[in-house]
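Please read the structure below before turning to the comments.
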Amino acid sequence: MPMPFTTRRREMLQATATAIGVAALATGCAAIGTGAKPRVVVVGGGWGGLGAVRGLLAGGGADVTLVEPNEGFMSCPLSAHFIAGFQPASDFQRSYARIDQLGARRVRERVTAIDRAKREVVTATQRLPYDFLVLSPGVEYMEDGIQGYAEARAQLPVGFRAFEQIAVRRQVDEFLAKGGNFVISAPKPPYRCPPAPYERAFLIAEQMKQRGTKGKIILIDANPNPMPLPIAKPILNGMKSLYASQIEYMPDTAITAVDMGKRQLATSAGDVPFAHANLILPMRAPAMIRQAGLGERWANVKLPSFQSQADERIYVIGDSQGSPLPKSGHVAFGSGQQVAEAITDRIAGKTPAAATGAVELPLGICWANVTHKDAININVASSVEPGQPPKLKFTVDPEHNARSGAAATSWGNGMWKAMLG
């Protein structure tokens, strides 16, 4: 599957570069002049940020700084295999050494603010000037969505950000050893990787069967069906055909409060007791997006350029941007590469031809494992026409299969190599 994406991305980059250039000219933004290399700061060393950094370094026209607090990379896509105990964490971790070797400056700090007036990214110790800014900071959790969660945070890790999966793995190991009720929740979209809650439930249930764990997984879904809707049928089929004795599915059920003292959840369907829980909270863009005036829950962007609606020198990619595109690693990486191409063209002063018709957006390739070896492949092709909302077309395996399971592993290895190899 990665090879078709490469071809599509090349065609997409050509189309979107054209549209971006037209938009830049329309806003009166002149190309950066000659002299010292323009400074591009990339915030976030995940899939989107790495796509942008690799593209910018390949272009060679910018002085690139990556701001990322973690010393290394850990993939969220495919990490359910680690959470459920099938693979070690090291399978999903990589060093940033290649980024350093290619010439990017790496700042291991958290961003505290963005000063748009001065064009500076602010950390605890320094201010980083930029000519262009690429934001790919991921997500934060809306803890106030469940009463009592903030007080119970340390005992209820979400695990939808890099390295947080380790704390969830500890919960799963204890559950598999002791049994009881393990609650997993799915919020209403948009949130990062909608198939993930079901995938976690499946792989933990597979371990229950293999180890003889006594208990059950209670999958509490705020939606009436598994999300996104095109995957509902194969997800429900996997649940029924493989894990009818391990998974109790509660659709259309909202969690309103958690009581860690009683080990009990208050829900719209009544109280649910639990021994362990992986509550996946509603999500939003990190606070820097609101602080900089780039949006509220999500950053407001223009498509196909991913430029901020508030500031044409800022691009927002990955899960923080607020378009209807899937919040997935593959889309993040593709949008990072697309934005890098656009910035490189702007630096070079290229004059694009006028855009006509629909422009393809980054392709989404996603996988939902139903067993450690069998998966459902989910492809999302997107396009946008001027003044119109994006159009999304889903292609989904009708049922889980070993071919897609093997392809998921191959895809992951290929993507990690493209980012950090």
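Applying the side chain to side chain donor-acceptor pair (under 3.5 Å) test to pairs two or more places apart or on separate chains, those with a residue in residues 194-205 are Tyr198-Asp221, Arg200-Asn278.
No more than 12 heavy atoms of other residues, nucleotides or ligands sit less than 6.0 Å from atom CD of Glu296. Summarising the local packing, NZ of Lys118 is surrounded by 12 or fewer heavy atoms from other residues, nucleotides or ligands at distances under 6.0 Å. Heavy-atom neighbours of Arg110 CZ from other residues, nucleotides or ligands within 6.0 Å: at or below the threshold of 12.
A 4.5 Å side-chain heavy-atom check between Leu281 and Tyr191 finds every atom pair outside the cut-off. Between Arg54 and Ile99, the closest side-chain pair of non-hydrogen atoms falls below 4.5 Å. Counting heavy atoms from C-beta on, the side chains of Trp47 and Val331 never come closer than 4.5 Å. The side-chain heavy atoms of Leu229 and Phe394, taken from C-beta on, include no pair separated by under 4.5 Å. Residues Trp298 and Met283 have side chains in contact (heavy-atom distance under 4.5 Å, counting atoms from C-beta outward). At least one side-chain heavy atom of Met250 sits less than 4.5 Å from a side-chain heavy atom of Val272. Two residues are said to be in side-chain contact when any heavy atoms from C-beta on lie closer than 4.5 Å; Ser241 and His400 meet this criterion. Counting heavy atoms from C-beta outward, Asp397 and Arg403 have side chains that stay 4.5 Å or more apart.
With sequence neighbours excluded, the residues forming a ring pair (Phe, Tyr, Trp, His ring centres under 6.0 Å) with Tyr243 are Phe202, listed by chain and number. With sequence neighbours left out, Thr123 forms a side-chain hydrogen bond (donor to acceptor under 3.5 Å, both in side chains) with Glu109. Shown here are the side-chain hydrogen bond (donor to acceptor under 3.5 Å, both in side chains) partners of Arg153, two or more places apart in sequence or in another chain: Glu143. The salt bridge (Lys or Arg N to Asp or Glu O under 4.0 Å) check on Glu140 picks up Arg284, Arg290, with sequence neighbours excluded. Annotation: side-chain contact (heavy atoms from CB on, under 4.5 Å) contacts of Arg119 (sequence neighbours excluded): Tyr130, Arg313. Remark: His81 pairs with His372 by the ring pair (Phe, Tyr, Trp, His ring centres under 6.0 Å) rule, at least two apart or across chains. Applying the salt bridge (Lys or Arg N to Asp or Glu O under 4.0 Å) test to Asp252 and every residue at least two apart in sequence or in another chain returns nothing. Lys327 pairs by the salt bridge (Lys or Arg N to Asp or Glu O under 4.0 Å) definition with nothing, not counting sequence neighbours. The side-chain contact (heavy atoms from CB on, under 4.5 Å) test applied to Asn300 returns Gln309, not counting sequence neighbours. For Glu164, the salt bridge (Lys or Arg N to Asp or Glu O under 4.0 Å) criterion is met by Arg161, not counting sequence neighbours.
The nearest pair of heavy atoms linking Ile317 to Ser136 is CG1-CB, 3.6 Å. Across all non-hydrogen atoms, the minimal contact from Leu78 to Ala408 is CD1-O, 3.6 Å. Residues Ser95 and Leu420 come closest through the heavy atom pair O-CD2, 3.6 Å. Residue Val41 comes nearest to Pro129 through the heavy atom pair CG2-O, 3.7 Å, listed as atom of the first residue, atom of the second, then distance. Contact record, Ser335 with Gly318: OG-N, 3.8 Å, taken as the closest heavy-atom pair.
Proximity of a side-chain donor or acceptor of Tyr96 to a complementary backbone N or O of Gly45 within less than 3.5 Å is detected. With hydrogens and angles ignored, the 3.5 Å screen pairs a side-chain donor or acceptor of Lys37 with a backbone N or O of Gly60. Looking only at distances, no side-chain donor or acceptor of Asn70 sits under 3.5 Å from a matching main-chain atom of Glu68. Looking at Arg116, its side chain does come within 3.5 Å of a backbone N or O of Ala292 through a donor-acceptor pair.
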Exercise. Could you give me the CA-CA distance, side-chain angles and deciding distance for Arg39 and Asp131, then say whether salt bridge (Lys or Arg N to Asp or Glu O under 4.0 Å) is met?
Key: CA-CA 5 Å; Arg39 300 157 298 185; Asp131 295 298; 3.4 Å; yes
Quiz item: Given Arg108 and Glu71, is the salt bridge (Lys or Arg N to Asp or Glu O under 4.0 Å) satisfied, shown in steps?
Solution: CA-CA 7 Å; Arg108 193 183 171 190; Glu71 180 56 33; 3.3 Å; yes
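Between His330 and Trp411, the ring-plane angle classifies as parallel under the 30° and 60° cut-offs.
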Under 3.5 Å, which donor-acceptor pairs do the side chains of residues 175-188 form with other protein atoms, sequence neighbours left out?
{"residue": "Lys178", "atom": "NZ", "partner": "Glu174", "partner atom": "OE2", "Å": "3.3"}
{"residue": "Asn181", "atom": "ND2", "partner": "Pro273", "partner atom": "O", "Å": "3.4"}
{"residue": "Ser185", "atom": "OG", "partner": "Ile280", "partner atom": "N", "Å": "2.8"}
{"residue": "Lys188", "atom": "NZ", "partner": "Ala222", "partner atom": "O", "Å": "3.1"}

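Ile347 contributes atom CD1, which lies 9.5 Å from atom CG of Asp345 (distance to the nearest 0.5 angstrom).
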